[in-house]
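Notes to accompany the following structure.
What you see is a predicted model, and the numbers here were worked out from it, not measured in a lab.
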Protein chains: 2
Amino acid sequence: MERITSTKNQAVQLMKALFTRKSRNEHGLFPVEGAVMIREALSNGLVPHLVLAEDKFEELAGQLEAAGARAHLASPNVLSAACDTVTPQGIVCAFTLPEELPEENLPEKLVILDGVQDPGNCGTIWRTADAAGIGGIVFGLKSADPLSAKVQRAAMGSGFRVGYRSCDLTELLPALRVKGYSIISSALDGEDFYARTPVGEKFALIIGSEAHGVSQTTKDASTHILKLPMRGGAESLNAAVAAGIMMYELMR
Amino acid sequence: MERITSTKNQAVQLMKALFTRKSRNEHGLFPVEGAVMIREALSNGLVPHLVLAEDKFEELAGQLEAAGARAHLASPNVLSAACDTVTPQGIVCAFTLPEELPEENLPEKLVILDGVQDPGNCGTIWRTADAAGIGGIVFGLKSADPLSAKVQRAAMGSGFRVGYRSCDLTELLPALRVKGYSIISSALDGEDFYARTPVGEKFALIIGSEAHGVSQTTKDASTHILKLPMRGGAESLNAAVAAGIMMYELMR
């Protein structure tokens with residue numbers, strides 16, 4: 001295993017670049033930090049391409065090498081230069097971008113992000129979807145990038161288990177409706193979530209942006225516009241909390 | 001209204017100090033940043049003591065002065081020196097610490113934080129408790145400080161509407177049990193939340209720490225140990241999301 005000593009090394013520069021969306025799409029790779037997340041990615045069939053590891057992670061780096069990655073040992077300061085976290089995890093691996101869910105064959109239970117921009121919210125919703133048993137997650141165009149390190153960190157491995165798709169919702173939602181999905185928008189002017197008409201076996205739960213909620217186009221394409229009861233003085237819920245309450249209730 | 005030009009001014013130094021727990025307790029004051037949050041605090045009966053405002057917030061500063069506060073105008077850089085946010089909100093006001101909920105007369109529906117340390121999680125749970133209609137929130141000794149700026153920011157005003165108490169849970173929980181409360185611990189080794197035996201009108205839902213869950217002492221004092229179903233591969237939920245799902249379900 002080659003040892004990298006310079007932060008100017010090409011592999012270090014490539015890894016660092018992958019923390020931007022543009023470079024991820026150019027190279028077809030995305031970075032995963034830390035042994036736990038890397039093992040999750042491997043065990044979910046993702047293909048490793050390039051790994052930088054401190055000596056203490058040499059064994060895991062060797063496994064990644066055996067799975068086809070170029071592996072390098074590096075000092076903590078070189079790792080720091082390659083990563084975007086304040087506290088680097090000692091190992092970072094670039095994986096090939098996963099295949100997105102096929103538009104023609106989406107799961108029956110979906111959660112859809114309509115402009116949810118906070119990466120922590122997006123990742124937390126992904127993690128909760130996994131726990132609730134939701135089959136897939138769709139990122140609308142104005143949402144955070146599903147493969148950003150912050151989203152994946154908040155998803156805590158669920159980003160490798162629950163399939164996703166990035167697409168334009170103005171095309172997707174009418175197509176889903178034709179296929180018999182209930183399209184459920186959560187909005188502050190909606191009807192009581194707990195008094196909803198049944199949503200059936202196929203549904204897409206749509207979570208709107210933190211600042212503006214679901215877009216008008218999305219509302220127009222919806223079969224249900226629902227709101228969780230607000231009993232006290234709070235005007236709204238955190239997007240990830242609202243998503244969690246509704247996903248768990250819909251999956252009961 | 002006096003104008004402050006030096007960041008070394010005593011009022012600026014006092015305000016800055018209030019961003020630490022020790023100083024808040026010493027002075028009996030806590031800082032609230034931004035016009036929206038300050039108006040929420042005022043309208044919920046909190047007593048303003050000291051305000052620093054940029055010129056554009058002179059009217060609000062005047063209202064606070066009329067309500068008994070010492071008010072000062074200051075430049076943005078002086079405001080910056082007095083606050084802990086990266087983007088200061090143009091006005092900051094120190095309010096008298098609110099009275100805590102009396103231990104002898106707690107609300108019938110409670111959420112209790114047993115070592116929840118992330119201020120964002122604590123504040124989000126507070127906000128969700130408000131929306132769900134929970135009557136009060138209790139901060140166990142190892143939880144974040146309820147009056148920290150980060151907790152209050154995440155609570156988005158619910159921190160002024162839903163009463164709180166900070167106390168030692170090892171004393172509180174047995175006392176609540178004697179009074180007929182169900183003590184509900186959420187734990188990964190619990191029984192199915194949705195198949196629970198009824199919890200009755202008086203209950204305390206306990207949320208454990210992000211890293212270790214509820215403590216053994218808390219479990220021993222519980223009448224119910226419950227777990228939300230984990231259907232996919234996720235091992236756990238974010239603490240604020242889990243709290244939200246359970247609070248809304250218990251308040252249906």
Winner by heavy-atom pair count (cut-off under 4.5 Å) against chain B, out of [options]:
options                                : result
A/Gly133, A/Gly232, A/Gly233           : A/Gly233
A/Ala129, A/Gly120, A/Ala242, A/Ala132 : A/Ala132
A/Ala243, A/Ser236, A/Ala240           : A/Ser236

So does [X] have more than 12 non-hydrogen atoms from other groups sitting under 6.0 Å from [atom1]?
X        : atom1 : result
A/Lys16  : NZ    : no
A/Lys150 : NZ    : no
B/Glu103 : CD    : yes
A/Lys179 : NZ    : yes
B/Met37  : CE    : yes

Partner chain A: residue of B/Ala154, B/Ala234, B/Gly157 with the largest heavy-atom pair count (under 4.5 Å): B/Ala234

With a 4.5 Å cut-off on heavy-atom pairs, point out which of B/Glu40, B/Arg252, B/Met156 contacts chain A the most.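 Sorted descending by pairs with chain A, the first entry is B/Arg252.
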
Go through the atoms of [X] and report whether side chain, backbone, both or neither lie under 4.5 Å from a heavy atom of chain A.
X        : result
B/Ser158 : side chain
B/Met251 : both
B/Arg127 : both

Given A/Ile245, A/Asn238, A/Thr124, A/Ile125, the one that forms side chain to side chain contact (heavy atoms under 4.5 Å, CB included) with B/Val241: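 Only one of A/Ile245, A/Asn238, A/Thr124, A/Ile125 forms a side chain to side chain contact (heavy atoms under 4.5 Å, CB included) with B/Val241, namely A/Thr124.
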
Under 4.5 Å from a heavy atom of chain B, the part of A/Met230 involved: both

Rounded to the nearest 0.5 Å, what's the gap from CZ on B/Arg231 to NZ on A/Lys109? Could you check? 10.5 Å

Nearest heavy atoms of B/Ala131 and A/Leu237, plus distance in Å: CB-CD2, 3.6 Å

Within the distance-only criterion (no hydrogens, no angle test), does the side chain of B/Tyr248 pair as donor or acceptor with the backbone N or O of A/Pro229 below 3.5 angstrom? yes

